[in-house]
Every structure is written in structure tokens, then in C-alpha cells.
Amino acid sequence: MLQINFLRENKAEAIRLLAIKYFNATEIIDQIIKLDDERKSIQKILDEQLAESNKLAKEIGGLYKSGNLEKANEFKAKTVELKQSSKSLADDLAQTSKTLTEKLIELPNIPHSSVPIGKTDADNELIYEEGEIPVLHVKAKPHWELAKDFDIIDFDLGSKVTGAGFPFYKGQGARLQRALINFFLDEAINAGYLEYQPPLFVNEDSAFGTGQLPDKEGQMYYIGEDNFYLIPTAEVPITNIYRNVILKETDFPIKNVAYSNCFRREAGSYGKDVRGLNRLHQFDKIEIVQVQQPEKSYETLEEMKDYIATLLRKLELPFRIVRLCGGDLSYASALTFDFEVFSAAQKMWLEVSSVSNFESFQANRLKLRFKDKDGKTQLAHTLNGSALALPRIVAALLENNQTPEGIKIPEALRAYTGYDLIS
RNA sequence: GGAGAAAUGGCAGAGUGGUCGAAUGCGGCGGUCUUGAAAACCGUUGAAGGUCAAACUUCCGGGGGUUCGAAUCCCUCUUUCUCCGCCA
């Protein structure tokens with residue numbers, strides 16, 4: 001959620017920048033400013049009436065004490081009148097504020113100045129590439145066949161027990177999952193992150209706080225009976241730790257990491273993109289979340305980007321980093337880098353991580369603030385990134401490391417898997 | 001699931017209808033003293049809206065109600081604690 005004062009002071013600039021996300025904000029910003037003016041003027045009148053009411057109520061107390069009942073009753077009648085009109089003003093105020101918030105929520109975050117112009121992922125800017133693309137032997141297979149051959153992931157069994165997109169991992173496959181989870185958590189802890197194990201369900205306030213509601217409602221699993229949402233990422237519970245929180249400057253930097261199952265309905269997905277591990281309804285992810293002071297948030301984004309690169313390097317996977325263009329940038333993000341690993345048998349780049357700076361956009365919804373040096377409260381910045389999402393890492397590991405003998409496990413993981421080769 | 005108790009400022013904890021945004025203690029900040037620190041003493045110390053600044057308004061778990069007036073009374077929801085039941 002953007003700040004009204006920012007929109008007031010930088011209207012033309014905001015319209016220009018939002019157009020980079022292909023969002024036409026001209027009309028809505030005018031509406032917002034008008035609603036805010038309305039809100040202020042209603043509040044002003046309401047305040048005056050309430051002040052009058054309060055004053056009279058105090059005087060009535062005094063009049064009773066001095067026994068001046070006649071005057072007291074006269075004042076009473078006045079306050080009753082005031083009460084009625086202030087009640088209707090309060091309703092107006094609530095209605096105006098509600099409409100204002102609804103309008104504000106429609107606006108996406110302003111993209112950072114470095115965001116490239118473009119409409120689709122084809123327009124994303126490649127900023128870095130590392131590692132050698134492996135040359136596979138002629139009989140190389142995609143990961144879903146390998147998973148079956150080695151009997152480490154059972155998609156059919158998942159379909160039977162639950163449905164498509166809910167695989168079983170078994171034997172060495174299950175162990176590999178556990179190894180990756182522990183590896184990613186340990187790496188993060190060594191890099192100074194605090195580990196959390198969050199709830200997998202969140203309430204409505206939390207789903208709203210990180211921007212999943214109302215925009216992505218259909219993408220989340222929902223437990224109607226208790227009004228809970230299944231988390232699509234640990235970002236949701238972890239970031240909501242800071243909902244309605246005022247931090248001290250000394251609390252920074254806040255670096256949290258959490259492993260969780262992630263649940264996504266993925267309504268509307270189909271085709272080769274959803275084959276095997278490429279897109280699941282339930283998957284495992286380790287998420288890093290940072291809360292920072294505004295001046296330092298882009299420095300932090302770089303730090304997170306570098307950190308994620310070290311993970312892929314340790315896993316010996318060829319990867320590249322792209323800067324998302326305006327059209328591909330998510331609603332809440334100001335700047336996002338995607339990490340993609342090359343999946344050698346599918347011969348395609350798979351997105352395994354997305355690291356973003358939301359600036360104060362989430363913080364404004366969350367009411368996540370801090371007291372600066374001058375003692376003023378201001379919105380903090382939030383950032384997060386996957387470090388990393390397992391399924392596509394597993395897909396790439398299986399495909400890229402396949403040999404006639406079996407699938408080789410990268411050095412860094414062996415202490416965790418307890419084996420060198422899937423066979 | 002059943003019965004009871006409770007929810008107040010960063011923390012602890014008073015306050016049961018009328019200068020209560022809220023005593024007191026701790027903590028924080030500023031100062032006096034000190035070579036420096038501690039102790040002691042003095043002062044200060046919640047948030048939001050609003051304003052050039054003020055005035056003013058709102059907030060004592062959330063929502064609703066009674067009243068001229070509510071932290072205080074009523075209803076409701078949530079959470080916590082104690083006891084019982086069940087249980088990984």
C-alpha cells in the first residue's frame with residue numbers, strides 16, 4: 001500500500017512510474033486524493049462536535065455537584081443532539097476511510113528506477129550467469145522419469161492419496177529433501193539469520209498484511225470452518241510477526257529464516273510447465289526475510305542476492321540472475337531478482353528463487369514502523385527471498401548430475417544426505 | 001469439550017461511572033554530582049489523526065451497547081491462566 005502523502009506530493013511521477021508496471025493510475029490517484037480530502041474535512045467537523053460534547057459533559061458533572069439541575073438538563077439536551085449528528089458523521093468517516101483504503105489497495109508498488117521497461121519475462125534483464133551447462137549422455141532423461149527409475153518420488157501415489165501436485169518422496173528421495181532443508185537452514189544460520197518454525201495456517205489479517213488478500217485470494221487454500229488460509233510461503237507468517245509493531249533502531253538488521261511447506265492452488269496452470277516437480281500444490285521452501293531501515297534496504301537486497309548465489313554455487317548448479325521488467329514484476333515488489341537454474345534434460349531455465357525489496361509497501365499494510373534517530377516513527381522496509389525452493393532444485397540436481405551409474409550428489413550435500421550417489 | 005478467573009503504557013502493577021491518557025515501581029532518555037562510572041537526586045518518557053505550530057479528536061485485548069459522561073456497567077468475540085476431560 002502506497003502512502004497518501006507520497007501520492008499527493010509526487011502525483012505525476014507516481015503515474016509515470018506505475019505505467020512501467022502497465023498500470024494506469026491517473027484516475028485512481030485523483031480519487032484517492034479527493035477521498036482523503038473528504039476524510040479530513042469530515043474528521044475536522046466531527047472533532048469539533050466531539051470536543052463540544054466532551055466540554056458539556058464535564059460541565060454537567062460540575063452542575064450536578066453544585067445542584068444546578070435546570071442548567072444541567074439544558075446541557076444534556078444539547079449533548080443528545082450533538083451525539084446524533086456526530087454519530088452520522090462517524091459513519092460517514094468510516095465509510096470514506098474504507099473506500100479510501102480499497103482504492104489505495106488497488107495501486108501496485110512503485111517500481112525501482114533500475115527496473116527495465118518491458119511487458120513479459122522475455123524482457124527481463126540478464127545481469128549475471130555462472131557455471132557450466134552440463135553436456136549429458138545420449139540417454140539422459142527428464143527428472144520425472146529419473147524419479148520413477150530410482151523410485152525416489154512417486155507422483156502417481158500422491159495423485160491417489162491426495163491429488164495431482166502432491167507427490168510422495170521416498171527412500172533416498174525423502175532423505176534428499178531433508179538434506180536440502182537442513183543444508184539451507186544451516187547455511188542461513190551461519191549467515192546470521194534467526195531460524196523460525198512458523199504456523200502453516202494464518203488468519204485473514206495476516207493474509208491481508210503481506211498482500212495475499214484480496215489480490216491473490218483464489219491462489220490460497222482456505223479452511224472455511226476456522227477462517228484460516230494455508231500459507232503459500234513462509235513469508236506470510238514471518239513478515240506478519242511485525243504487523244502492528246514499532247521497532248527501535250537498534251533492532252536492525254532483522255534477518256529471519258524459516259523452512260515451511262508451501263501450499264498453492266495454482267489455478268490456471270497447465271501444460272509442460274507443470275510436469276513433474278516444475279509446479280506443485282505442496283512444496284518445501286526455505287525463505288529469508290529481512291526488515292530494514294529505508295536507507296539500507298537496497299544494500300540489503302544486494303546482500304541477499306549474493307547470499308543466494310553462494311547456495312547455488314555450493315550445489316554446483318549453473319545459474320543466472322535476471323532483473324524483472326516492469327510487466328513481470330509482482331504487485332507488491334519494487335525490485336525483484338529471479339534466480340534460475342538450468343535444467344539440463346528439460347533444456348530450460350527454472351526459476352528457483354525470487355528476491356525482492358518491497359520497500360514500505362508491505363510495511364504500510366502491516367503498520368510496521370520504527371523510531372528513527374529523531375524519535376519519529378516511520379515505515380520500515382521489508383525484503384524477502386527464497387533460499388531456496390526445493391522442487392526445481394531437485395529437478396535440476398537429478399537431471400544435471402545423472403550418470404550411467406546413478407545421480408551424483410554435490411559435495412556440500414553429502415554430509416546431509418549420507419550418500420554420494422542415488423542408485 | 002466442561003467449569004472458573006483474567007486481559008491497563010517497553011515491563012510490572014494500581015485504578016469499579018465525572019479534571020484518568022491513566023497512580024506507583026522498574027526500564028529508557030536528559031541533567032546535577034564524579035577524573036570516569038555506579039549510587040543518589042532532579043526532570044522527562046505511548047500511539048494515531050489533525051496543525052506551519054498549537055488547539056482539538058481517538059485509543060486501557062477486538063467489536064457493539066447503556067449513559068450528559070466509561071478503563072470502570074451490559075452484550076459478544078478473541079486470547080491467556082487454573083481445574084476437569086481427551087490426547088501427539
Side-chain angles (χ1 to χ4, degrees), chain A residues 1-9 32-104 197-209 213 223-229 237 240-252 254 261 291 360 362-380:
Chain A
M1 194 158 76
L2 296 170
Q3 292 170 267
I4 296 173
N5 285 342
F6 170 83
L7 294 173
R8 275 182 188 280
E9 286 157 25
I32 284 167
I33 292 172
K34 191 164 158 264
L35 281 164
D36 193 45
D37 287 339
E38 241 172 85
R39 198 198 97 243
K40 281 186 193 172
S41 75
I42 295 171
Q43 177 143 52
K44 201 174 166 195
I45 302 167
L46 177 63
D47 282 1
E48 281 163 9
Q49 294 202 355
L50 290 172
E52 179 70 16
S53 252
N54 287 343
K55 210 177 111 206
L56 287 172
K58 268 180 195 157
E59 283 174 23
I60 289 167
L63 289 170
Y64 271 122
K65 265 179 201 151
S66 62
N68 192 344
L69 290 182
E70 199 181 319
K71 192 86 180 161
N73 284 327
E74 188 189 314
F75 279 12
K76 263 197 198 181
K78 260 194 216 171
T79 57
V80 170
E81 241 172 75
L82 278 171
K83 204 183 165 182
Q84 271 169 0
S85 73
S86 61
K87 171 112 173 120
S88 94
L89 278 171
D91 289 345
D92 288 354
L93 183 66
Q95 187 53 48
T96 307
S97 302
K98 190 172 162 245
T99 314
L100 178 59
T101 306
E102 281 165 6
K103 287 285 168 198
L104 269 175
Q197 207 173 104
L200 303 181
F201 300 174
V202 293
N203 58 30
E204 203 175 331
D205 285 347
S206 295
F208 177 82
L213 286 181
I223 313 268
E225 200 173 352
D226 296 297
N227 201 15
F228 289 148
Y229 293 86
N240 271 286
I241 292 172
Y242 304 98
R243 174 152 49 82
N244 283 322
V245 165
I246 298 177
L247 296 162
K248 295 186 290 246
E249 258 200 331
T250 49
D251 292 331
F252 296 113
I254 290 174
N261 295 118
V291 182
S360 61
Q362 282 184 331
N364 196 23
R365 278 193 172 201
L366 291 162
K367 298 277 166 285
L368 160 52
R369 292 159 295 178
F370 72 100
K371 271 201 195 295
D372 65 18
K373 282 188 196 71
D374 309 323
K376 291 197 73 171
T377 38
Q378 55 167 305
L379 294 171

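Labels below follow one simple rule: chain letters A, B, ... track the order of the sequence lines, proteins then strands, and each chain is numbered from 1.
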message: Less than 4.0 angstrom between a side-chain N/O of A:Lys44 and OP1 or OP2 of B:U51, yes or no?
response: no
Donor + acceptor pair across side chains of A:Ser88, A:Asp91 (<3.5 Å): no
- request: Examine the side chains of A:Asn364 and A:Gln3 and answer whether a donor and an acceptor come within less than 3.5 Å of each other.
  value: no
- prompt: Taking the side chain of A:Leu50 as heavy atoms from C-beta outward, which of B:G65, B:U57, B:G69 is closest to it?
  reply: B:U57
- prompt: What's the closest nucleotide to the A:Ala51 side chain, out of B:U57, B:G69, B:G18?
  reply: B:U57
Euclidean distance for C1', B:G46 against B:A38 (whole angstrom): 30 Å
message: Determine whether a donor-acceptor pair (one donor, one acceptor, N or O, separation below 3.5 Å) exists between the side chain of A:Asp47 and the base of B:G49.
response: yes
- prompt: For A:Asn54 and B:C68, is the shortest distance between a side-chain N/O and OP1 or OP2 below 4.0 Å?
  reply: no
statement: Under a 3.5 Å limit on both distances, the Watson-Crick or wobble mate of B:G69 is none
message: Does B:G65 have its OP1 or OP2 closer than 4.0 Å to a side-chain nitrogen or oxygen of A:Lys87?
response: yes
query: Between A:Asn54 and A:Ala51, is there a donor-acceptor pair closer than 3.5 Å when you use the side chain of the first and the backbone of the second?
result: no
- request: Name the closest nucleotide to the A:Gln43 side chain, picking from B:C68, B:G50, B:G49.
  value: B:G49
- request: Please tell me which of the listed nucleotides, B:U51, B:G18, B:U67, lies nearest to the side chain of A:Lys40?
  value: B:U51
- prompt: For B:A12, what is the paired nucleotide under Watson-Crick or G-U wobble rules, both distances under 3.5 Å?
  reply: B:U24
statement: Partner of B:A37 under the Watson-Crick or G-U wobble criteria, both distances under 3.5 Å, comes out as none
Quick one: which protein N/O atoms are closer than 3.5 Å to N/O atoms of nucleotides 44-48 of chain B? Pair and distance per line, please.
residue	atom	partner	partner atom	Å
B:A47	OP1	A:Lys371	NZ	2.1
B:A48	OP1	A:Thr377	OG1	2.6

- line: pair_partner(B:G85), Watson-Crick or wobble, both distances < 3.5 Å, evaluates to none
- request: For B:G17, give its Watson-Crick or G-U wobble partner with both distances under 3.5 Å, or none.
  value: none
All N/O contacts under 3.5 Å from nucleotides 20-23 of chain B to the protein, with atom names and distances to one decimal?
none

message: In terms of relative ring orientation, are A:Phe252 and A:Phe370 parallel, tilted or perpendicular, with 30° and 60° separating the classes?
response: perpendicular
- prompt: When rounded to the nearest Å, what value does the distance between C1' atoms of B:G62 and B:G28 take?
  reply: 30 Å
query: Who is the Watson-Crick or G-U wobble partner of B:U80, with both distances under 3.5 Å?
result: B:A5
message: Tell me which nucleotide, if any, is Watson-Crick or G-U wobble paired with B:A47 when both distances must be under 3.5 Å.
response: B:U58
